[in-house]
Amino acid sequence: MPDVIPVDSVGVVTPQIAHFSEPLELACGKSLSSYQLVYETYGTLNQDASNAILICHALSGDHHAAGYHSKDDKKPGWWDSAIGPGKAIDTKKHFVISLNNLSGCCGSTGPTSINPDTGKIWGADFPIVTVEDWVESQARLADKLGVTTFAAIIGGSLGGMQVLEWSIRFPDRLKAAVVIASAPKLSAQNIAFNEVARQSISRDPDFRDGDYLNEETLPKNGLGLARMLAHITYLSDDSMDSKFGRQMRHDTFQYNYDIEFEIESYLRYQGEAFTNRFDANTYLLMTKALDYFDPAARTEGDLAKALEKATCEFLLVSFTTDWRFSPARSEEIVDALVKAGKKVSYAKIEADEGHDAFLFPIPRYMAALKGLLNRVNKQIQEEAK
C-alpha cells in the first residue's frame, strides 16, 4: 500500500461475512443447507437504498475489488482502477457491493470449506454450481443488505454472464446492466480450453480425486499449467509481442529445456503465483459454470426471446484484441437486445491488452461506463421527485 492513500482510493477496507440458514436449491439437483458469502462494500447506501451497484467477478476474481486490506498489501483490489471517489464507479455517489461467489476459495462456502455432514473439507464433493445459482445467492445477499433494486449490476467476462442472468431472472431488481468482454454462451473452442485446464489439474498425481486438502497435498503442477494456458488466452498477440517479443534470458541459445525466452519465465511465474492463492477444485467448478451458461437454451436457442423479460438499460463493451470473447460475441447480445426491443448501447474499444483489457482504465471504456451510470443516477433522482 502506498504511504499516502490516493484521494480517489476507497482506502483500507474490511471484508464482511453474510450467513444464510435457508437452504439453497441448486440447478444440479442438490442443495446447500446453509452457506456464507464474503463481500466488501465501498461508499454509503442512501436512505431509499437506490444507489447500490453490484460487481460480479470473473473466473479467478473475488470480493476484493478495490482498496487495500492492510498496509502490507502490495497492490489494491482487482478493479481499483474503476472503483473509488470520482472514478467511473464513483463511491461518492454509489454504494458498491462486491462478493466472492459460492464455490469460491476466498471465504465464501466452497470446496475448501467444511462439509457439515462429514466434518471434513468438502473437496470434490462440493456440488456443481451454475451462474443461475450464483445470481440466486447474490439476490439473497442483496435482501440481507436492504437492497431491493440495484442502480446497476456490472461484470466482465464470467461476471458479464452473471449480469445477463440477473436481467432475465430478476428483471425488476436492476436499472442498468453492464456486460463487459463477455458472451451469451461459450464457443466450442472456449469449452475446449476449459477442458484442457481441468484435465491438467485432475491428472496431477497430487490431485487425489479432489481430496488433496484432506490428504495434505496440493496439485500445484496441474493448477499452474491450467493457469498458464488460460493466461495466454487473456492476452493478445500484440500485447505479448510488445512486452516480450523474442527476448532471451541469455545471449545465445542454451540448447536445453530450461527457460530461454522471457515469455517462458513470465508464464511460469504466473502459474506458480496462482497456485499460492487459488484452489484447484474451485477452478474446476468455475470453469464448469462457464461451460453450462446458455440462457437461450431455455427458449429453444432464441436469445432475443430469452432477453424479453429484461426491463433495464444495457451497456455492452468489447475490446478489439480480445479473442477469448471477441467483439462478435458481444454483438450477438446487442443484436438480440435490439430484436427484443430493449434499450442498449454498445462500445467497441480499441485496446492492445486482449481479454484482460476489461481490467484496465482505458479512457473511452471508463467514459462509457461513467456515462451510463450518470444517466441512471439522473433517472433515479427524477423518479424520487
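Below, each value reflects all heavy atoms present in this structure, side chains not excepted, and no hydrogens, waters or symmetry copies.
Legend: residues meeting side chain to side chain contact (heavy atoms under 4.5 Å, CB included) with Cys106, ordered by chain and number and at least two apart, are Asp62, His63, Asn100. Partners of Asp211 according to the salt bridge (Lys or Arg N to Asp or Glu O under 4.0 Å) rule, which considers only residues two or more places apart in sequence or in another chain, do not exist here. In this structure Arg268 satisfies the side chain to side chain contact (heavy atoms under 4.5 Å, CB included) test together with Met228, Ile259, sequence neighbours excluded. By the side chain to side chain donor-acceptor pair (under 3.5 Å) test, Glu383 pairs with Lys175, Gln379, sequence neighbours left out. With sequence neighbours left out, Glu350 forms a salt bridge (Lys or Arg N to Asp or Glu O under 4.0 Å) with no residue at all. Residues that satisfy the side chain to side chain donor-acceptor pair (under 3.5 Å) test with Asp133, not counting sequence neighbours, are Thr130. Qualifying salt bridge (Lys or Arg N to Asp or Glu O under 4.0 Å) partners for Lys288, counting only residues two or more places apart in sequence or in other chains: none. Taking Glu353 as the reference, Ala351, Ala357, Phe360, Ile362 meet the side chain to side chain contact (heavy atoms under 4.5 Å, CB included) condition, with sequence neighbours excluded. Legend: residues meeting side chain to side chain donor-acceptor pair (under 3.5 Å) with Arg298, ordered by chain and number and at least two apart, are Glu132, Glu165. In this structure, Trp79 has no side chain to side chain donor-acceptor pair (under 3.5 Å) partners at least two apart in sequence or on a different chain.
More than 12 heavy atoms of other residues, nucleotides or ligands lie within 6.0 Å of CZ in Phe261, so this atom counts as buried by the packing criterion. The environment of Arg277 atom CZ is dense: over 12 non-hydrogen atoms of other residues, nucleotides or ligands sit within 6.0 angstrom. Taking a 6.0 Å sphere around NZ of Lys185, one finds it holds 12 or fewer heavy atoms contributed by other residues, nucleotides or ligands. For Asn276, the CG atom sits in a packed shell: over 12 heavy atoms of surrounding residues, nucleotides or ligands are nearer than 6.0 Å. Atom CD of Glu300 sits in a sparse spot, with 12 or fewer heavy atoms from other residues, nucleotides or ligands closer than 6.0 Å.
Between the side chain of Ser9 and the main chain of Pro6, no donor-acceptor pair closer than 3.5 Å is present. For Asn46 (side chain) and Ala49 (main-chain N/O), a donor-acceptor pair under 3.5 Å exists by modelled atom type. A donor-acceptor pair under 3.5 Å is absent between the side-chain atoms of Thr112 and the main chain of Ile121, judged by distance alone. The backbone N or O of Trp323 sits nowhere less than 3.5 Å from a side-chain atom of Ser326 that would complete a donor-acceptor pair. Of the possible donor and acceptor atoms, none in the side chain of Ser239 sits under 3.5 Å from a partner among the backbone N and O of Leu235. A donor-acceptor contact shorter than 3.5 Å is absent between the side chain of Lys370 and the backbone of Asp90. With hydrogens and angles ignored, the 3.5 Å screen pairs no side-chain donor or acceptor of Asn51 with any backbone N or O of Leu45. A donor-acceptor distance shorter than 3.5 angstrom exists from the side chain of Gln247 to the backbone of Phe244, with no hydrogens or angles considered. Between the side chain of Thr91 and the backbone N or O of His94 there is no donor-acceptor pair closer than 3.5 Å.
Two rings, from Phe319 and Phe358, have their centers 6.0 Å or more apart.
Taking the six-membered ring for Trp and thresholds of 30 and 60 degrees, Trp122 and Phe126 have ring planes more than 60 degrees apart, a perpendicular arrangement. Using cut-offs of 30° and 60° on the angle between ring planes, the pair His355 and Phe325 is perpendicular. Relative orientation of the Trp166 and Phe150 rings is perpendicular, given thresholds of 30° and 60° on the angle between their planes. Aromatic ring pairs are classed by plane angle as parallel below 30°, tilted from 30° to 60° and perpendicular above 60°; the pair Phe274 and Tyr283 is perpendicular.
Under the ring pair (Phe, Tyr, Trp, His ring centres under 6.0 Å) criterion, the residue pairs touching residues 21-51 are Phe20-Tyr35, with sequence neighbours excluded. Note on residues 333-348: pairs passing side chain to side chain donor-acceptor pair (under 3.5 Å), not counting sequence neighbours, are Ser318-Tyr346, Glu331-Tyr346.
Salt bridge present: Lys87 and Asp80 bring a charged side-chain N and a carboxylate O closer than 4.0 Å. Salt bridge Lys305/Glu308: absent, no basic N to carboxylate O contact under 4.0 Å. Under 4.0 Å is where a charged nitrogen must lie from a carboxylate oxygen, and between Glu22 and Arg140 at least one such pair does. The pair Lys243-Asp352 does not count as a salt bridge, with every side-chain nitrogen at least 4.0 angstrom from each carboxylate oxygen.
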Item to check | Test log, rule side chain to side chain contact (heavy atoms under 4.5 Å, CB included), inputs Ile89 and Ile55 | outcome: CA-CA 10 Å; Ile89 303 172; Ile55 306 296; 4.0 Å; yes

Next on the checklist: Under the criterion salt bridge (Lys or Arg N to Asp or Glu O under 4.0 Å), I'd like the reasoning laid out for Arg249 against Glu260: C-alpha separation, chi angles, the key distance, then a yes or no.
Outcome noted: CA-CA 5 Å; Arg249 178 67 61 88; Glu260 297 255 36; over 6 Å; no

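The closest side-chain donor-acceptor pair between Thr233 and Arg324 falls under 3.5 angstrom.
Partner Asn281 forms a side chain to side chain contact (heavy atoms under 4.5 Å, CB included) with one of Pro219, Cys105, Pro111, Ser103 and no other, that one being Pro111.
Summarising the geometry of Ser50 relative to Ile380, their closest heavy-atom pair is O-CD1, 3.3 Å, with the distance given to 0.1 Å.
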